[in-house]
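Working notes, structure below.
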Amino acid sequence: MSEANPEKNTALMEKIVSLCKRRGFIFQSAEIYGGLNGCWDYGPLGAELKRNLKEYWWRKNVQEREDIVGLDGSILTHQEVLKASGHVGGFSDPMCDCLLSKARLRADQIESQSGTAYWFIGASHADSDWSVEREYAVLVTEGQDENKARKTARQYYAQFLPDKQISPKTLELAGERTELVEESTRFNPENGSLLTEAREFNLMFKTTMGASADESDESSVAYLRPETAQTIFTQFKNVVETNRLKLPFGIAQIGKSFRNEINPRNYTFRSREFEQMEIEFFCREEDGLALTDEWLERRLKFYEEIGIPREHLHVVDIPDGERAHYSKKTYDIEYEFPFGIQELEGVAYRGAYDLTKHQEHSGKPLELFDDERKEKVLPHVVEPSAGCDRTILALICEAYDEESITNEQGKVEERTLLRFSPRMAPIKVGIFPLLKNKPELVEKAREIQEMLSPFMNVYYDEAAAIGRRYRRQDEIGTPFCVTVDFDTLGESGDEAKDTVTLRERDSMSQQRISISELRSFLLDRIQ
Ligand code: GAP
């Protein structure tokens with residue numbers, strides 16, 4: 001999907017982003033102040049969609065399982081936890097800056113380019129006697145005008161002019177030389193400017209705790225957690241001691257994580273604040289590899305159950321040398337987003353790495369007593385770690401559809417719809433009186449609303465023609481609509497009395513159903 005037609009996919013993504021804003025799924029954080037980069041607010045429908053996903057994940061992984069318990073750990077994290085886990089020293093991405101635009105780029109994501117690099121050693125301004133000495137280069141790729149290099153270099157050197165009235169065009173460049181470069185990542189693909197050398201940038205958000213704390217007080221430093229997993233490891237002993245758990249067993253958690261991503265991008269895909277749904281499944285060493293495969297299958301089935309078909313998912317078995325050094329097996333589950341095939345979840349066999357590190361660092365034993373074997377063990381762990389926001393984005397991309405239909409008046413029109421699985425849909429049923437100025441119809445529709453709303457999200461709508469009301473619900477993915485008409489009131493005889501029209505979103509098929517059966521009919525389909 002993503003490789004086939006990049007322009008079409010960009011246009012599709014734009015339509016999805018626009019629908020999400022227009023219908024209140026996702027807004028940019030602090031939009032009225034220009035936006036907070038990498039942060040998103042979920043509007044009323046987005047909040048419901050997210051709640052459905054998280055509740056279903058919890059139901060499948062905690063509620064319906066005897067061997068997994070839940071946890072809700074703090075976001076603010078003790079610095080020692082993250083020193084032990086390796087995040088303080090090592091959780092970083094290589095970054096570099098564009099010398100011209102100051103844009104910050106992930107060094108490992110820069111596309112390589114070939115061409116001629118134009119190097120300069122400085123610039124001067126004859127009239128004011130001003131000069132600067134600094135090496136700088138611009139890449140000119142095939143087909144580009146070499147004068148672009150000189151123009152860009154003048155703009156670069158003009159940054160150092162004390163008198164901002166001097167035009168960059170009047171600068172003399174010094175020491176021009178050229179060099180052929182192959183597959184280089186030293187230049188900004190946007191403007192050809194030389195980049196700074198790559199340096200490591202720690203992705204954690206650091207803060208200080210306590211009223212008297214300041215930056216220089218090292219002991220007051222805390223971090224916003226970069227993953228939910230660490231609280232599971234640090235509370236491992238408490239959870240084991242307060243619950244009767246036997247290996248293998250899991251601890252599950254859903255919650256916010258924070259990473260100061262260098263380049264937040266692709267809408268909500270790479271954010272600075274996001275939610276994770278993680279399980280640490282503790283086991284005996286000899287079961288680790290088989291359980292990793294089992295969890296992979298279970299997670300793929302989960303995605304199918306929420307409406308992301310297997311054929312749009314890709315499983316990558318991460319090869320030796322690319323996995324974390326302590327992992328004997330890691331699978332990435334990827335989804336075909338319109339902007340490319342990208343990771344949704346990782347399923348990793350992490351050995352005993354995490355518990356070993358926390359045991360060493362805290363000096364507290366974290367082994368548990370294996371009753372069957374009558375020995376102390378430090379369990380190994382398999383970790384299915386999913387991104388909630390990424391799954392929401394995948395659900396929206398998967399559900400988005402456009403089709404031509406013939407409307408009630410026989411005219412062909414375009415309909416935009418979200419084909420959410422009824423389980424995930426934010427609103428389960430739209431309830432419409434045929435006419436808003438007929439009190440008997442309105443009263444009946446309100447009765448149905450009252451009957452259903454304790455069990456599911458319903459949307460009462462009496463404005464506009466029925467066709468328009470259906471379209472509004474189609475666009476937000478409501479799987480069912482119920483219309484109360486004159487037959488409901490018994491005007492065409494007793495047979496149809498107290499029945500309503502139930503319309504299904506995808507097929508647009510309609511059937512008559514009695515009001516008394518409505519609740520169980522809907523509940524069977526949305527759970
Ligand atoms: N505990 C393991 C862990 O955190 P990860 O691969 O770094 O592993 C797991 O993250 C999942 O969290 C990813 O597969 C992704 O779905 C989600 N995730 C990670 N960084 C994210 C970001 N910046 N924005 C949105 N989701 C992110």
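Numbering of ligands and ligand atoms starts at 1, following listing order.
Closest to atom 25 (C) of ligand 1 by heavy atom, among F269, F91, W40, F258, is F269.
Closest protein heavy atom to atom 24 (N) of ligand 1: S271 N, 3.0 Å. Annotation: atom 19 (C) of ligand 1 to nearest protein heavy atom, R259 NH1, 3.5 Å. When only non-hydrogen protein atoms are considered, atom 15 (C) of ligand 1 lies nearest to R390 NH1, 3.4 Å. Of all protein heavy atoms, the one closest to atom 9 (C) of ligand 1 is S385 OG, 3.0 Å. Nearest to atom 18 (N) of ligand 1 among the protein's heavy atoms is F274 CE1, 3.5 Å. Protein heavy atom at the shortest distance from atom 16 (O) of ligand 1 is L344 O, 2.8 Å. Among protein heavy atoms, atom 10 (O) of ligand 1 sits closest to Q276 NE2, 3.3 Å. Distance from atom 14 (O) of ligand 1 to its nearest protein heavy atom, with residue and atom name: E343 OE2, 2.5 Å.
Remark: R390 is positioned above the aromatic ring of F269, its terminal NZ or CZ atom under 6.0 angstrom from the ring centre and at most 45 degrees off the axis. The cationic group of R199 does not satisfy the cation-pi geometry with F201, failing either the under 6.0 Å distance to the six-membered ring centre or the 45° limit from the ring axis. The cationic group of R299 lies under 6.0 Å from the six-membered ring centre of F302 and within 45° of the ring axis, placing it in a cation-pi geometry.
Residue contacts with ligand 1 for E227 involve side-chain atoms from C-beta outward but no N, CA, C or O (heavy atoms, distance under 4.0 Å). Contact annotation for R272 and ligand 1: no heavy atom of the residue comes within less than 4.0 Å of the ligand.
Using a 4.0 Å cut-off between charged side-chain N and carboxylate O, R310 and E297 make a salt bridge. Between K301 and E304 there is no salt bridge, since no side-chain nitrogen of the basic residue lies less than 4.0 Å from a carboxylate oxygen of the acidic one. Between E504 and R525 there is no salt bridge, since none of the side-chain N atoms of the basic residue sits less than 4.0 Å from a carboxylate O of the acidic one. Salt-bridge annotation for R350 and E278: absent, with no side-chain N of the basic residue lying under 4.0 Å from a carboxylate O of the acidic one. Classification of E197 and R186 as a salt-bridged pair holds, one side-chain N sitting under 4.0 Å from a carboxylate O. By the 4.0 Å N-to-carboxylate-O rule, E403 lies close enough to R415 to be salt-bridged with it. For the pair K246 and D67, the salt-bridge criterion is not met [side-chain N within less than 4.0 Å of a carboxylate O].
Where the criterion is an N or O separation shorter than 3.5 Å, residue side chain and backbone included, T268 fails it with respect to ligand 1. Remark: ligand 1 and E383 share an N or O pair separated by less than 3.5 Å (distance only, no angle test). Note: no N/O pair closer than 3.5 Å links A386 and ligand 1 by distance alone.
Ligand 1 places these atoms under 4.0 Å from at least one heavy atom of A229: 1 (N). Each of the atoms 1 (N), 2 (C), 3 (C), 4 (O) of ligand 1 lies under 4.0 Å from some heavy atom of E278. Atoms of ligand 1 lying under 4.0 Å from at least one heavy atom of E345, given by number and element, are 14 (O).
For D389, the closest heavy-atom approach to ligand 1 does not fall below 4.0 Å.
Ring geometry for H380 against Y349 counts as tilted: the plane angle lies between 30° and 60°, on a 0 to 90° scale.
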